[in-house]
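See below for the structure under consideration.
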Amino acid sequence: MVNIGYARVSTTEQDTALQIKALKQFGCDSIYEDKASGAKTDRPELLKALSYLREDDVLVVWKLDRLGRSIKHLIEIVNDLEARKVGFKSLTENIDTTTPGGKLVFHLFGALAQFERDLIKERTKAGLKAARDQGRIGGRPIAMTDDKLKKAKEHLQNGLNVREAAARIKVCTTTLYKALNIKKSYM
């Protein structure tokens, strides 16, 4: 059994020293580290660590959020490790899937995450239906009205640039550009 550590920070300005120290104290034989946002899928050192692991090895992280982009992603990684008979430990949360209790805790996290996703979907559907039943359509309010577009065109004809015209009618320049391109028939 070999303990393999994985450390990650989100930016190059941040430092993995605290994580590395904890992983070394735990007894990790080697440590892989990435300096990349957790939201990024391109984490080469994580891929190296995952491919290095063999049956009965353990992947060790300082904290759960250092490994997965989301609870769903974290669960996918740990389920893949479990299928390969590789353990997982998170030092901060004291999760250890090499023990029955640790497996239970981790799977409870997974079940709670799935439950939360299902509740959000259910609430969203119910909210959209209630809004439709009241005659409302979801989404952001329309920023560009026909009246604002007419005023913007007048400003442009009087020599203002798009940025200045947008500021006068209180919309962003992107909104005005889109309106000018979409509604060319008004020109």
Side-chain angles (χ1 to χ4, degrees), residues 1-134 136-141:
M1 180 177 96
V2 176
N3 291 323
I4 302 299
Y6 176 70
R8 182 187 61 78
V9 290
S10 299
T11 67
T12 54
E13 292 82 34
Q14 294 174 324
D15 188 3
T16 57
L18 176 68
Q19 295 176 54
I20 300 292
K21 181 180 177 185
L23 293 169
K24 283 181 179 177
Q25 285 177 341
F26 183 77
C28 289
D29 296 319
S30 39
I31 298 170
Y32 295 82
E33 62 180 296
D34 278 316
K35 292 192 177 197
S37 167
K40 287 191 173 191
T41 55
D42 182 31
R43 293 190 277 163
E45 292 301 307
L46 175 59
L47 294 176
K48 285 180 189 174
L50 293 173
S51 66
Y52 180 84
L53 292 161
R54 301 292 177 253
E55 188 174 320
D56 294 327
D57 287 350
V58 179
L59 178 64
V60 184
V61 295
W62 176 66
K63 197 171 182 184
L64 284 174
D65 67 354
R66 300 297 84 199
L67 180 61
R69 298 187 310 268
S70 63
I71 290 288
K72 182 182 177 201
H73 182 241
L74 183 65
I75 291 167
E76 287 172 3
I77 291 173
V78 174
N79 284 340
D80 178 60
L81 293 174
E82 190 175 333
R84 295 170 44 202
K85 297 184 177 155
V86 172
F88 171 74
K89 291 185 184 187
S90 173
L91 302 178
T92 303
E93 290 86 3
N94 201 21
I95 294 175
D96 181 354
T97 65
T98 64
T99 68
K103 280 183 185 177
L104 173 65
V105 168
F106 189 79
H107 288 292
L108 284 174
F109 276 166
L112 289 171
Q114 183 61 49
F115 178 67
E116 182 181 16
R117 283 191 300 274
D118 291 345
L119 281 179
I120 290 169
K121 280 184 201 174
E122 195 174 281
R123 287 186 200 127
T124 301
K125 286 180 183 177
L128 290 171
K129 183 184 180 320
R132 276 192 307 274
D133 291 348
Q134 294 175 358
R136 293 186 318 219
I137 298 173
R140 291 176 66 178

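Along the sequence shown, residues carry numbers from 1.
Interatomic distance, OG1 of Thr124 versus NZ of Lys129, reported as 15.0 Å (0.5 Å rounding). Atoms CD1 and CG, on Ile95 and Leu108 in that order, are 10.0 Å from each other to the nearest 0.5 Å. The line from CD1 of Ile77 to CG of Leu59 is 8.0 Å long, rounded to the nearest 0.5 Å. A distance of 5.5 Å separates CZ of Arg84 from CG of Leu53, quoted to the nearest 0.5 Å. A distance of 9.5 Å separates CG in Leu74 from CG in Asp65, rounded to the nearest 0.5 Å. A distance of 6.0 Å separates NE2 of His107 from CG of Asn79, quoted to the nearest 0.5 Å.
Minimum heavy-atom separation, Ala49 to Ile4: CB-CG2, 4.4 Å. Pairing each heavy atom of Lys103 with each of Thr97, the nearest pair is CE-O, 3.1 Å. The minimum heavy-atom distance linking Ala22 with Leu91 is given by the pair O-CD1, 3.8 Å. Across all non-hydrogen atoms, the minimal contact from Gly87 to Thr98 is CA-CG2, 3.7 Å. Contact between Cys28 and Val60 at its shortest, heavy atoms only, is SG-CB, 3.8 Å.
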- Task: List the steps, then state whether side-chain contact (heavy atoms from CB on, under 4.5 Å) holds for Leu64 with Phe88.
- Result: CA-CA 10 Å; Leu64 284 174; Phe88 171 74; 3.7 Å; yes

- Could you go through the side-chain contact (heavy atoms from CB on, under 4.5 Å) check for Phe106 and Glu82 one step at a time? CA-CA 11 Å; Phe106 189 79; Glu82 190 175 333; over 6 Å; no

- Message: Please evaluate residues Asp15 and Val9 with respect to the criterion side-chain contact (heavy atoms from CB on, under 4.5 Å), reporting the C-alpha separation (whole Å), side-chain torsions for both, the decisive distance (0.1 Å), and the verdict.
- Response: CA-CA 7 Å; Asp15 188 3; Val9 290; 5.8 Å; no

- Message: Pair Tyr6, Asp34 - check side-chain contact (heavy atoms from CB on, under 4.5 Å), show working.
- Response: CA-CA 8 Å; Tyr6 176 70; Asp34 278 316; 2.8 Å; yes

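Of the possible polar contacts, one joining the Thr92 side chain to the Trp62 backbone as a donor-acceptor pair under 3.5 Å is found. Listed for the Thr16 side chain is no donor-acceptor partner under 3.5 Å among the backbone atoms of Gln19. With Arg66 contributing its side chain and Arg8 its backbone, the two residues share a donor-acceptor pair below 3.5 Å.
Listed by first and then second residue, the salt bridge (Lys or Arg N to Asp or Glu O under 4.0 Å) pairs that reach into residues 46-57 are Glu45-Lys48, sequence neighbours excluded.
Counting heavy-atom neighbours within 6.0 Å of Glu76 CD, excluding the residue itself, gives a total above 12.
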